[in-house]
K.L.:
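Can you keep this structure in mind? I'll have questions shortly.
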2 protein chains.
Amino acid sequence: MTLHDTEPSQSDDAARAGWLYYVAGLTQDQIARELGVSRQRAQRLVSRAMAEGLIHVRIEHPIAACLELEQALSDRFGLIRARVSPGLGPGADAVRAIAPAAAQELERFLAMPDPLVIALGTGRALRGMVDAMTTMDAPQHSLVSMIGNIAPDGSASFFDVIMRIADKVRAPHYPMPMPVISSTLEEFAAFTALAPIARVRDLAARADVIFVGVGQMGDDAPLLADGFITRAELSALQARGAVGEVAGWVYDASGAYLETPGSTRNGGVPILPRMARPAIGVAAGPSKVAAIRAALGAGILNGIVTDESTARAILAQR
Amino acid sequence: MTLHDTEPSQSDDAARAGWLYYVAGLTQDQIARELGVSRQRAQRLVSRAMAEGLIHVRIEHPIAACLELEQALSDRFGLIRARVSPGLGPGADAVRAIAPAAAQELERFLAMPDPLVIALGTGRALRGMVDAMTTMDAPQHSLVSMIGNIAPDGSASFFDVIMRIADKVRAPHYPMPMPVISSTLEEFAAFTALAPIARVRDLAARADVIFVGVGQMGDDAPLLADGFITRAELSALQARGAVGEVAGWVYDASGAYLETPGSTRNGGVPILPRMARPAIGVAAGPSKVAAIRAALGAGILNGIVTDESTARAILAQR
DNA sequence: TCATTAAGCGATTAAATGCTCAGTCGCTTC
DNA sequence: GAAGCGACTGAGCATTTAATCGCTTAATGA
């Protein structure tokens with residue numbers, strides 16, 4: 001699917017039906033009459049509007065319990081920024097819960113007047129964040145990827161986050177057109193020797209703001225699922241105390257980066273800890289608690305967007 | 001963890017229920033179990049969250065037909081800005097339809113870096129706009145009322161718009177603490193002689209951006225309903241060709257301001273036509289078509305937020 | 001050209017939602 | 001202290017919405 005649906009009337013109708021349903025508050029029966037279609041079709045249009053992410057819902061009310069958790073996180077880890085969304089209950093997708101809040105945080109930076117270099121990681125959480133963003137004009141900023149966009153399987157899924165944001169805000173964007181992990185040191189050197197790539201890497205290294213997801217290093221670690229490391233390598237890393245990973249860089253419970261099989265060939269730019277510029281993590285879920293705690297404790301991240309239960313779990317261990 | 005369990009407030013629960021329903025997509029049954037209340041109570045909390053305006057829904061899709069209308073309005077009247085929302089169908093409240101779009105327009109200005117003086121009118125449409133706004137920090141701007149806040153019946157409803165916006169954006173705000181229409185020329189002179197009031201009037205006069213509603217001059221004109229003019233005066237104005245009113249200043253079909261019984265005692269500041277700064281009207285509804293058309297044609301307004309059917313009607317008369 | 005597959009549509013049915021109506025609890029007032 | 005008032009609650013019911021199924025239609029590819 002292209003970013004702009006080629007069939008205008010299709011998703012146009014869906015948007016209109018969604019509008020009538022969610023904003024106007026009509027019943028699907030009324031919508032059907034309004035648009036001159038069958039009731040079932042109206043229902044399908046409405047649910048399609050929701051499925052395609054045309055409908056954005058935000059809640060305009062700071063829930064007291066979440067505010068307290070934000071405060072507690074900030075105090076405990078000395079954060080610049082903490083956002084806690086209400087949880088979605090067990091079993092639900094945590095990304096859904098934090099996406100709107102994360103989008104709002106990013107929009108805060110995008111709304112700033114002075115040009116910023118905004119570096120972005122990848123992953124489901126960031127993808128959710130982008131989908132929840134509103135379109136806005138922010139051409140003064142630069143968007144740069146912290147991570148290569150050529151996956152081991154050749155997929156371009158890593159491309160998505162930065163391209164989609166750029167599309168929504170019309171800002172200049174710099175994906176990093178090299179393998180996430182080069183297969184040899186020679187290949188790595190060949191890519192990084194290219195001036196345009198060197199420039200992107202340089203831009204990412206001096207970003208003014210960073211948004212990244214946080215990966216866990218359990219037995220179903222994303223690094224394994226995406227084919228960046230083998231199961232044996234994962235086991236070795238676990239044995240060495242790996243608890244989390246940010247933009248492909250693995251760290252242990254103290255937040256110290258570990259050498260990994262691919263780290264000398266990782267095209268991405270690591271986040272240096274304890275810097276002044278905001279480095280915001282977007283992550284939630286029980287499996288990520290240890291990873292997030294370590295990243296916050298070591299100052300790899302100095303801001304976090306998460307959900308209620310994750311926040312509680314992060315704070316639980318004293 | 002030192003989070004003392006404060007009793008979750010009423011609207012806290014409502015917000016949480018609304019979140020679970022609209023964002024998480026749980027059924028009310030699941031919400032009830034989650035919160036440990038009866039299903040009926042969950043349903044009441046959800047509808048309360050909606051009623052209290054805690055839930056903001058926006059649609060992230062420019063509907064083709066609306067874009068065309070925006071273009072047509074801009075071309076026809078040489079507007080800086082035109083926004084057209086999908087209609088809500090006959091009988092529905094037009095304010096509901098345009099409020100989110102109007103809020104987004106205002107937020108565009110609020111997101112700007114350089115300090116702006118933003119002047120605001122009153123009325124239901126602006127009130128809806130404010131309710132649909134998200135909270136944001138924009139302390140660099142100044143919010144000023146274009147119109148006095150003391151109504152003939154002493155109500156403070158005119159106070160609302162500017163106070164509520166200021167509350168949401170934390171910006172300095174300047175209501176105009178004098179009668180909308182003073183009862184005598186002496187009273188008018190006494191008020192305008194006061195330095196603080198003169199300063200507010202001056203600020204409003206040199207606003208960088210203006211947002212106003214548009215009033216119609218039919219037999220149920222808001223000026224009559226709010227007690228600013230008598231029925232006899234309304235009839236006289238109608239006979240003289242009055243079609244609309246902006247911030248209490250009445251104009252005819254050519255957009256020329258008319259002398260009214262109160263115009264020499266009107267504490268508000270009229271909008272001078274054909275100025276460079278944005279003057280955005282927020283209005284929709286069949287009864288307002290003539291009023292909007294005249295205001296746009298004469299350049300009293302150079303921007304409009306309206307709905308589909310109103311836009312069509314405005315453009316219909318060639 | 002025809003078989004195969006995918007997509008869309010309406011009808012049916014199960015689930016979820018909103019509404020009304022008594023009953024209850026707490027509060028005020030006499 | 002009892003009656004009155006009002007807001008809230010839960011149950012049942014009517015409406016609305018979502019899921020399923022069989023059918024038709026369009027698209028794909030040998």
Side-chain angles (χ1 to χ4, degrees), chain A residues 1-59 61 63-64 86-93 96-97 131, chain B residues 6-59 61 63-64 86-93 96-97:
Chain A
M1 178 178 75
T2 56
L3 284 179
H4 294 291
D5 224 339
T6 45
E7 179 71 272
S9 109
Q10 280 283 17
S11 125
D12 227 56
D13 279 349
R16 186 174 291 270
W19 168 266
L20 290 169
Y21 188 71
Y22 289 103
V23 181
L26 300 191
T27 72
Q28 300 180 351
D29 227 341
Q30 296 172 292
I31 294 170
R33 244 169 292 144
E34 186 78 18
L35 301 181
V37 298
S38 72
R39 203 182 62 69
Q40 296 85 321
R41 179 145 174 71
Q43 134 76 3
R44 281 184 182 111
L45 286 172
V46 169
S47 73
R48 191 223 217 87
M50 183 49 98
E52 289 188 4
L54 268 36
I55 310 293
H56 284 199
V57 181
R58 279 189 190 173
I59 194 150
H61 183 94
I63 297 185
L88 258 52
D93 180 9
R96 295 259 319 259
D131 288 343
Chain B
T6 50
E7 170 147 347
S9 77
Q10 286 281 25
S11 77
D12 229 55
D13 279 346
R16 185 175 292 268
W19 167 267
L20 290 169
Y21 188 72
Y22 289 103
V23 182
L26 301 190
T27 70
Q28 299 183 350
D29 235 337
Q30 296 172 291
I31 295 170
R33 242 169 294 143
E34 185 79 19
L35 300 181
V37 298
S38 70
R39 193 186 71 74
Q40 295 85 322
R41 178 143 177 72
Q43 131 76 4
R44 282 185 184 109
L45 286 172
V46 169
S47 71
R48 162 111 138 255
M50 184 48 102
E52 289 189 5
L54 267 35
I55 310 294
H56 285 197
V57 181
R58 281 190 189 172
I59 195 149
H61 183 95
I63 297 185
L88 258 51
D93 180 9
R96 295 259 320 260

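First the proteins, then the strands, lettered A, B, ... as listed; each starts at 1. Small disclaimer: the values here were computed from a predicted structure and weren't measured.
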K.L.:
Should B:S38 be listed as having a side-chain N or O under 4.0 Å from OP1 or OP2 of D:dT9?
P.N.:
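False: B:S38 side-chain N/O out of range (4.0 Å or more) of D:dT9 OP1/OP2.
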K.L.:
What is the separation between atom OH on A:Y22 and atom P on D:dT16, rounded to the nearest whole Å?
P.N.:
17 Å
K.L.:
CG of A:L45 versus C1' of D:dA18: gap in Å, rounded?
P.N.:
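In whole Å, D:dA18 C1' lies 15 Å from A:L45 CG.
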K.L.:
Look at A:Y21 and D:dT17 and indicate whether a side-chain polar atom (N or O) is within less than 4.0 Å of OP1 or OP2.
P.N.:
yes
K.L.:
Could you state the CG-C1' distance from B:L26 to C:dT17, rounded to the nearest angstrom?
P.N.:
15 Å
K.L.:
Hey, is the main chain of A:G53 close enough, under 3.5 Å, to the side chain of B:H61 for a donor-acceptor pair?
P.N.:
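Judged by distance alone, no pair lies under 3.5 Å.
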K.L.:
For side-chain contact (heavy atoms from CB on, under 4.5 Å), just list the numbers for B:R48 and B:R44, CA-CA rounded to whole Å, side-chain angles, deciding distance to a tenth of an Å, and then say yes or no.
P.N.:
CA-CA 6 Å; B:R48 162 111 138 255; B:R44 282 185 184 109; 6.0 Å; no
K.L.:
In whole angstroms, how far is the P atom of C:dT17 from the CZ atom of B:R41?
P.N.:
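Result: 17 Å.
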K.L.:
Counting only side-chain nitrogens and oxygens, does B:Q43 get under 4.0 Å of the OP1 or OP2 atom of C:dG18?
P.N.:
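Yes, because at least one side-chain N or O of B:Q43 sits under 4.0 Å from OP1 or OP2 of C:dG18.
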K.L.:
What does B:Q40 touch in the nucleic acid at a heavy-atom separation under 4.0 angstrom: a base, only the sugar-phosphate, or nothing?
P.N.:
base
K.L.:
Can you check whether A:A32's main-chain N or O pairs, donor with acceptor, with A:R41's side chain at less than 3.5 Å?
P.N.:
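Absent.
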K.L.:
Could you tell me the separation between the CZ atom of A:R48 and the P atom of C:dA7, rounded to a whole number of Å?
P.N.:
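Interatomic distance, CZ of A:R48 to P of C:dA7: 12 Å.
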K.L.:
Indicate yes or no for a side-chain donor-acceptor contact from A:W19 to the backbone of B:I59 under 3.5 Å, with no hydrogens or angles considered.
P.N.:
no
K.L.:
Please classify the nucleic acid contact of A:R39 as base, sugar-phosphate, or nothing, using heavy-atom distances under 4.0 Å.
P.N.:
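If one applies the 4.0 Å heavy-atom cut-off, A:R39 turns out to touch a base.
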K.L.:
Measure the distance from CG on A:D13 to P on C:dC9 and round it to the nearest whole Å.
P.N.:
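A:D13 atom CG is separated from C:dC9 atom P by 11 Å.
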K.L.:
Using atom CD of B:Q28 as one end and atom C1' of C:dA16 as the other, report the distance to the nearest whole Å.
P.N.:
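B:Q28 atom CD is separated from C:dA16 atom C1' by 8 Å.
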K.L.:
By nearest heavy atom, map A:D29 and A:R44 onto DNA chain D; which one lands nearer the 5' end?
P.N.:
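Whichever sits nearer the 5' end wins; that is A:D29.
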